[in-house]
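What you are looking at is a predicted structure, and each value in this text was computed from that prediction instead of being measured.
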Amino acid sequence: MQENSDETEEGRRPSSALRAPSPRERGEGQDIAIIGGGIIGICAATYLTEAGRNVTIFDRTGICEETSSGNAAAFAFTDVLPLAHKGMVRQLPKWLADPLGPLPIPPAYLPKLLPWLIRFWRAGRGARYETSLAAQAAMMRLAEAEWMGLLDRSGTRPMLREDGSLELYESEAEFRASLSGWAARERYGIGFNHVEGAEMAALQPGLSPRFIKATFVPGWKTVSDPKLLGKAVWAHAARLGARFEHALVARIVGGADGATIVLADGSTRKANQLVIAAGAWSHLLARDLGERIPLETERGYNTTLPKAAFDVRRQLIFSGHGFVITPLETGLRVGGAVELGGIERPPNFARSKAMLEKARRFLPGLDPSGGREWMGYRPSLPDSLPVIGRARAPNTFYAFGHGHLGLTQAAATGRLIRDLVLGQAPPVGLAPFSPQRF
């Protein structure tokens, strides 16, 4: 299971761990268990299976059935700015004061969240920001190369869309505030064009006149539907021998000769090597191994409308309001924003309705009827970088905390986990992603 659920932290914790067949049953190789059937776990399983390893995924729900099923469908390879960049930190007070804005925090949850927020604030300063920016840029270069290869190997390249994105501004002040971020991207070779007037209208007809400028990013990519893509990649892994076990993982026990996975029904599974890719619940499993990782949950909301709701040509980004609109094969998805509220609180679908109402104003003529509301859990670390590396427990690896970039960075994470498990040199430095960096 990678991310979404309404289980309580102390009660039933989601997870995935499939017991792969033994080496005697399937030939040479070690048994590897992956806890989490979201896009990160799927890609890790695919890379390891392609390398000839026996792999089983454990998940309480299914393959790509939770948070990975409902994201905004972006391969955001150009999105290298850490969330804690200076512009966002400046907007925090205004956003936090709006209960339906881009970043609300339920008042009762604030005391628990405060240590994470302090780390988040520090991550946006000076050298820490530059370190995160450089690491994210390296990760994105790897992510694009690995995804293009994986799409070809899995036969899913037709699901890729290369239409670019359009980020929209309502005032000169908002546009000017964005320029430092674009300058940072330019340092890493990311192409973009600032547009207005007829050029902007040609990229997206029917926009409200409230938008005076925009930035077009031609290298931005999306997929036709994230759930369908995840299931198709898994089908490729399954054809190579990867297995799935529908099971809720209660806890894990580390050991010198591997890990023991204790399921909710009391049964156990042994794995020579273990990968924890359980999204927003991963830090709870890490606690079983004696490690405390400051993971928090960005609760993301969306509404998927029928395809005929509006002719959206490419992903539209309303950064001042914290949401996007994405045209999918299966509908028009209006979603995003961030609610820092943990994994126990019930969904607040007033947030979905607020975004949909804004979308109706931003795209006059949008038909808001017939939508399907959804919420998912984005596992996030305060420096906006995932945890990818070895646990302190032997034969155990972490792959979680990608925030809103899980789909984007999944193939790169799969490659890095494969290299770690096989003892090979990774293509990027892993120090910025170390589980022990906190």
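- Side-chain atoms of Glu373 and Ser352 include no donor-acceptor pair closer than 3.5 Å.
- Closest approach of Met140 and Leu405 over heavy atoms only: CE-CD1, 3.5 Å.
- Note: Leu422 CG to Gln273 CD = 8.0 Å, rounded to the nearest 0.5 Å.
- Using a 4.5 Å cut-off on side-chain heavy atoms (C-beta onward), Pro382 and Pro294 make contact.
- Between the side chains of Ser165 and Arg314, no donor N or O sits under 3.5 Å from an acceptor N or O.
- Between Pro435 and Ile293 the shortest side-chain heavy-atom distance falls below 4.5 Å.
- The structure places CD1 of Ile39 at 11.0 Å from OG of Ser69, a figure rounded to the nearest 0.5 Å.
- Side-chain atoms of Glu144 do not come within 3.5 Å of backbone N or O of Ala76 as any donor-acceptor pair.
- Phe323 and Phe362 have parallel rings, their planes meeting at less than 30° on a 0 to 90° scale where 60° marks the start of perpendicular.
- Distance alone, capped at 3.5 Å, is enough to place a donor-acceptor pair between the Gln204 side chain and the Arg313 backbone.
- For the atom pair CG (Leu328) and CD1 (Ile325), the distance works out to 11.5 Å, reported to the nearest 0.5 Å.
- Counting heavy atoms from C-beta outward, Leu366 and Leu305 have side chains that approach closer than 4.5 Å.
- Under a 3.5 Å cut-off, the side chain of Thr408 and the backbone N or O of Ala74 do form a donor-acceptor pair.
- Remark: the backbone N or O of Ser68 is paired with a side-chain donor or acceptor of Asn71 at under 3.5 angstrom.
- Applying the side chain to side chain donor-acceptor pair (under 3.5 Å) criterion to Arg128, with sequence neighbours excluded, gives no partner residue.
- Counting only distance, with no hydrogens or angles, the side chain of Asp288 and the backbone of Ile252 share a donor-acceptor pair below 3.5 Å.
- Counting only residues at least two apart or on different chains, the ring-ring contact (aromatic ring centres under 6.0 Å, His included) pairs with a member in residues 138-158 are Phe75-Trp147.
- Atom-to-atom distance recorded for His246:NE2 and Thr61:OG1 is 6.0 Å, nearest 0.5 angstrom.
- The backbone N or O of Gly70 lies less than 3.5 Å from a partner atom in the side chain of Asn302, making a donor-acceptor pair.
- With 3.5 Å as the limit, one finds no donor-acceptor pair spanning the side chains of Arg299 and Thr297.
- For the pair Arg185 and Trp182, the cation-pi test (distance below 6.0 Å, angle within 45°) is passed.
- Between Phe400 and Tyr398, the ring planes are perpendicular. Angles over 60° get that label, and only those under 30° would be called parallel.
- One finds a salt bridge joining Arg187 and Glu130 here, because a Lys/Arg side-chain nitrogen approaches an Asp/Glu carboxylate oxygen to under 4.0 Å.
- The heavy-atom pair separating Leu407 from Pro226 by the smallest distance is CD2-CB, 4.4 Å.
- Side-chain atoms of Ser380 and Glu296 form no donor-acceptor pair, as typed in the model, at a separation below 3.5 Å.
- Between the side chain of Thr326 and the main chain of Ala72, a donor-acceptor pair closer than 3.5 Å is present.
- Between Ile317 and Trp220 the shortest side-chain heavy-atom distance falls below 4.5 Å.
- Using a 4.5 Å heavy-atom threshold, the side chains of Arg243 and Thr49 count as separate.
- Arg153 pairs by the side chain to side chain donor-acceptor pair (under 3.5 Å) definition with Glu50, not counting sequence neighbours.
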Please lay out, stage by stage, how Val387 and Arg437 fare under the test side-chain contact (heavy atoms from CB on, under 4.5 Å). CA-CA 9 Å; Val387 163; Arg437 71 183 185 268; 3.8 Å; yes
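- Summarising the geometry, atom OG belonging to Ser154 is positioned 9.0 Å from atom CE belonging to Met159; distances are rounded to the nearest 0.5 Å.
- Residues Leu240 and Thr46 form no side-chain contact, since every pair of their non-hydrogen atoms from C-beta on lies 4.5 Å or further apart.
- A donor-acceptor contact shorter than 3.5 Å links the side chain of Asn395 to the backbone of Ala256.
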Given the rule in the side-chain contact (heavy atoms from CB on, under 4.5 Å) test, do Thr268 and Val253 qualify, once you have shown the distances and angles that lead to the verdict? CA-CA 10 Å; Thr268 61; Val253 180; over 6 Å; no
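- Judged by distance alone, the side chains of Gln409 and Gln136 do bring a donor and an acceptor atom under 3.5 Å apart.
- Under the 4.5 Å side-chain criterion, counting only non-hydrogen atoms from C-beta, Met355 is not in contact with Thr303.
- Annotation for Thr330 and Lys307: closest pair C-CG, 4.1 Å, computed over non-hydrogen atoms.
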Derivation and outcome, side-chain contact (heavy atoms from CB on, under 4.5 Å), residues Ile388 and His402: CA-CA 10 Å; Ile388 304 171; His402 296 74; 4.2 Å; yes
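- Within the 4.5 Å cutoff, the side chain of Val324 has no heavy atoms near those of the Arg333 side chain.
- Checked by atom type, the side-chain pair Thr215/Tyr169 shows a donor-acceptor distance below 3.5 Å.
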Start with the C-alpha gap between Leu416 and Leu142, add the side-chain angles, then the distance that decides, and say whether side-chain contact (heavy atoms from CB on, under 4.5 Å) holds. CA-CA 10 Å; Leu416 294 171; Leu142 178 65; 4.0 Å; yes
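- Side-chain atoms of Thr222 never come within 3.5 Å of backbone atoms of Ala73 as a donor-acceptor pair (strictly under, hydrogens ignored).
- When all heavy atoms of Pro218 and Gly191 are compared, the pair lying nearest together is CD-O, 3.8 Å.
- The heavy-atom pair separating Ala411 from Cys43 by the smallest distance is N-SG, 3.9 Å.
- In this structure, CH2 in Trp374 is found 10.5 Å from OH in Tyr301, a value given to the nearest 0.5 Å.
- Of all non-hydrogen atoms in Gly279 and Leu295, the two that sit nearest each other are O-CD1, 3.9 Å.
- For Arg157, the CZ atom is densely surrounded, since the number of other residues' heavy atoms within 6.0 Å is greater than 12.
- The pair Glu65-Lys227 meets the salt-bridge criterion, with a side-chain N (NZ, NE, NH1 or NH2) lying under 4.0 Å from an Asp/Glu carboxylate O.
- Distance alone, capped at 3.5 Å, places no donor-acceptor pair between the Arg269 side chain and the Ala33 backbone.
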